[in-house]
Amino acid sequence: QVELVESGGGLVQAGGSLRLSCVASGDTFSRYALAWFRQAPGKEREFVASIPWSGTRSYYDDSVKGRFTISRDNAKNTLYLQMNKLKPEDTAVYYCAADLNSVGYRLEYDYWGQGTQVTVSS
């Protein structure tokens, strides 16, 4: 079992940048595939990016491709999401997720953080 805690959210102007972090505790972090999801008010939770346990590849939703970068530091038990060129439509609560299997873009991750709010003003 793993516990996830996100941080780094906040208020930023359009075009700005933020870096989200997700610190894990409990089980061996390097065993888990990881992902970021987001949920805007009144909308369903949606996939943002994912990275396998090896960290050798990463996957992105088309809406963030070229602007966001997912990465992981297994030595620090931390997952990151670097967000550049932010847009108002990126406003949402951002969640990190973990699973021992390669879940990819699906919502079927076993473990979730509590979320961190990102607000992008126009």
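Of the residues listed (Tyr95, Tyr105, Tyr109), the one engaging Phe37 in a ring-ring contact (aromatic ring centres under 6.0 Å, His included) is Tyr109, and it is the only one.
Between Lys65 and Asp62 a salt bridge is recorded (basic side-chain N to carboxylate O distance below 4.0 Å).
Cluster partners of Leu4, by chain and number: Val2, Val12, Leu18, Leu20, Phe29, Tyr32, Leu34, Trp36, Val48, Ile51, Tyr60, Val64, Phe68, Ile70, Leu79, Leu81, Met83, Leu86, Tyr94, Leu100, Tyr111, Val118, Val120. The rule joins Ile, Leu, Val, Met, Phe, Trp and Tyr whenever side-chain heavy atoms lie under 4.5 Å apart. Under a 4.5 Å side-chain heavy-atom cut-off, the cluster of Ile, Leu, Val, Met, Phe, Trp and Tyr residues that includes Leu11 has no other member.
The salt bridge (Lys or Arg N to Asp or Glu O under 4.0 Å) pairs that include a residue from residues 21-36 are Asp27-Arg31, where partners are two or more places apart or lie in different chains.
For the pair Arg72 (side chain) and Ala33 (backbone), a donor-acceptor distance under 3.5 Å is absent. The backbone N or O of Ser17 lies less than 3.5 Å from no partner atom in the side chain of Asn84, so there is not a single donor-acceptor pair. A side-chain donor-acceptor contact under 3.5 Å links Arg67 to the backbone of Lys85. Checking side-chain atoms of Thr78 against main-chain N and O of Lys76 turns up a donor-acceptor pair under 3.5 Å. The closest donor-acceptor contact from the side chain of Glu6 to the backbone of Cys22 lies at 3.5 Å or more, if one exists at all. In this structure a side-chain-to-backbone donor-acceptor pair under 3.5 Å is present from Asp73 to Ala75.
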task: Take Leu107 and Trp112 through the test side chain to side chain contact (heavy atoms under 4.5 Å, CB included) and record every step on the way to the result.
output: CA-CA 10 Å; Leu107 287 166; Trp112 293 83; 4.0 Å; yes
Chi angles and distances behind the side chain to side chain contact (heavy atoms under 4.5 Å, CB included) call for Ser7, Thr116: CA-CA 6 Å; Ser7 63; Thr116 185; 5.6 Å; no
message: Using side chain to side chain contact (heavy atoms under 4.5 Å, CB included), reason through Glu108 and Asn101 one step at a time and then give a plain yes or no.
response: CA-CA 10 Å; Glu108 298 161 10; Asn101 298 308; over 6 Å; no
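Expressed to the nearest 0.5 Å, how far CD of Gln114 lies from SG of Cys96 amounts to 7.5 Å. Summarising the geometry, atom CZ belonging to Arg38 is positioned 12.0 Å from atom CD belonging to Gln117; distances are rounded to the nearest 0.5 Å.
No more than 12 heavy atoms of other residues, nucleotides or ligands lie within 6.0 Å of CD in Glu3, so this atom counts as exposed by the packing criterion.
Ala14 approaches Ser122 most closely through the heavy-atom pair CB-CA, 4.4 Å. Contact record, Ala92 with Ala40: CB-N, 3.8 Å, taken as the closest heavy-atom pair.
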